[in-house]
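Accompanying notes for the structure given below.
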Amino acid sequence: MQLGRLDHVGIAVTDLAAARALYEQVLGLEVTHEEVITEQGVHELLLRAGEAYVQLVAPLAPDSPVGKFLAKRGEGVHHVGYAVPDVAAALAELRAQEFEVIDPAPRVGSGGTTIAFLHPKSMQGVLVELVEEGTGHRG
Ligand code: MC0
C-alpha cells in the first residue's frame with residue numbers, strides 16, 4: 001500500500017470552544033466542518049490548513065477513546081490521518097502482512113469519509129488513521 005497526502009492532524013482537547021478561539025482568532029484558521037460522531041465518541045471541528053486540516057476533537061464521554069487519552073496524557077496530538085484511495089484495500093494488504101490494525105473493516109468518519117485506525121503500538125507510538133474521501137463536504 002502507499003500513503004497519500006497528510007489529511008489531518010487530530011488534536012484532543014477538553015474545551016472545544018477555547019480551542020476553536022485559539023485556532024480561529026490567534027492562528028487565523030477557519031472552521032469548515034463541525035460534526036458529532038457518536039460512534040467514535042467525539043465532537044469535532046475541522047479547520048483547513050493549506051492542503052490538510054487541523055481536527056479538534058473533544059470527547060463525548062470519559063470512557064471514549066479521546067476521553068481516556070485526555071485522562072492519561074492530557075491535551076495534545078491524538079492521531080495523524082493520511083489519505084488513501086481505498087481504505088478496504090489498504091486494510092486487506094496490511095492484514096495480509098500481519099500488521100496490527102485496530103479496525104478489521106473500514107468505518108464511517110467525519111464528513112462522509114471512510115476511515116480505519118492503525119494501532120499506535122505498531123506505529124512507533126502514533127495512532128494513525130487512513131482516510132478515504134467520500135461524497136460529503138468537509139470544506
Ligand atoms: C492510547 N494510546 C495511544 C493513544 N491512545 N498512543 C498514542 N496515541 C493515542 N491516541 C496508548 C495508551 O497510552 C496506552 O499505552 C495504550 O495505547 C492503551 O491505551 P488505553 O488507554 O488502555 O486505551 P485502549 O487500549 O482501550 O485504546 C487505545 C486505542 C483506542 C488506540 C486502541 O483509543 C482506539 O481504538 N482508537 C481509535 C479510535 C479513535 O481514537 N477515535 C477517536 C477519534 P501504554 O504504553 O500505557 O500501554 S475519531 C476521528 O478522528 C474520526 C471522527 C475522523 O477523523 O473522522
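When a ligand or atom number is given, it counts from 1 through the structure's own listing order.
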- Single hit among Glu133, His33, Glu35 for side chain to side chain donor-acceptor pair (under 3.5 Å) with Arg138: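 Considering Glu133, His33, Glu35, a side chain to side chain donor-acceptor pair (under 3.5 Å) with Arg138 is found only for Glu133.
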- Query: What residue pairs, at least two apart or across chains, pass side-chain hydrogen bond (donor to acceptor under 3.5 Å, both in side chains) with a residue in residues 55-65?
  - Reply: His8-Gln55, Glu44-Gln55, Gln55-His79
Yes or no, since that's all I need: does a protein heavy atom fall within a distance strictly under 4.0 Å of [atom]?
atom                    : answer
atom 6 (N) of ligand 1  : yes
atom 25 (O) of ligand 1 : no
atom 1 (C) of ligand 1  : no

- Within-cut-off N or O pair, Arg107 and ligand 1, under 3.5 Å: no
- Task: Compute the shortest N/O to N/O distance between Thr113 and ligand 1 and return yes if it is under 3.5 Å, no if not.
- Result: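 No: no nitrogen or oxygen of Thr113 is under 3.5 Å from one in ligand 1.
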Numbering as shown, the atoms of ligand 1 that approach [X] to under 4.0 Å (heavy-atom distance):
X      : answer
His79  : 50 (O)
His8   : 54 (O)
Gly109 : 55 (O)

Residue and atom name of the nearest protein heavy atom (relative to [atom]), distance in Å to one decimal:
atom                    : answer
atom 22 (O) of ligand 1 : Lys72 NZ, 3.5 Å
atom 33 (O) of ligand 1 : Pro65 CB, 3.4 Å
atom 32 (C) of ligand 1 : Ile102 CD1, 3.6 Å
atom 15 (O) of ligand 1 : Lys121 NZ, 3.5 Å
atom 55 (O) of ligand 1 : Ser110 N, 2.9 Å
atom 28 (C) of ligand 1 : His119 NE2, 4.9 Å

- Query: Who are the side-chain hydrogen bond (donor to acceptor under 3.5 Å, both in side chains) partners of Thr38, not counting sequence neighbours?
  - Reply: none
- Give a yes or no on whether the backbone of His119 and the side-chain of Glu100 come within a donor-acceptor separation of less than 3.5 Å. no
- Query: Pick from Ile11, Thr14, Val42: which one makes a side chain to side chain contact (heavy atoms under 4.5 Å, CB included) with Val66?
  - Reply: Val42
Please confirm whether [X] comes under 4.0 Å of ligand 1, counting heavy atoms of the residue only.
X      : answer
Glu44  : no
Ile37  : yes
Gly125 : yes
Glu35  : no

- Item | Per-residue contact class, Pro120 against ligand 1 - non-hydrogen pairs under 4.0 Å | side chain
- Just let me know how Lys68 lines up against ligand 1, side chain, backbone, both or neither, with a heavy-atom cut-off below 4.0 Å. side chain
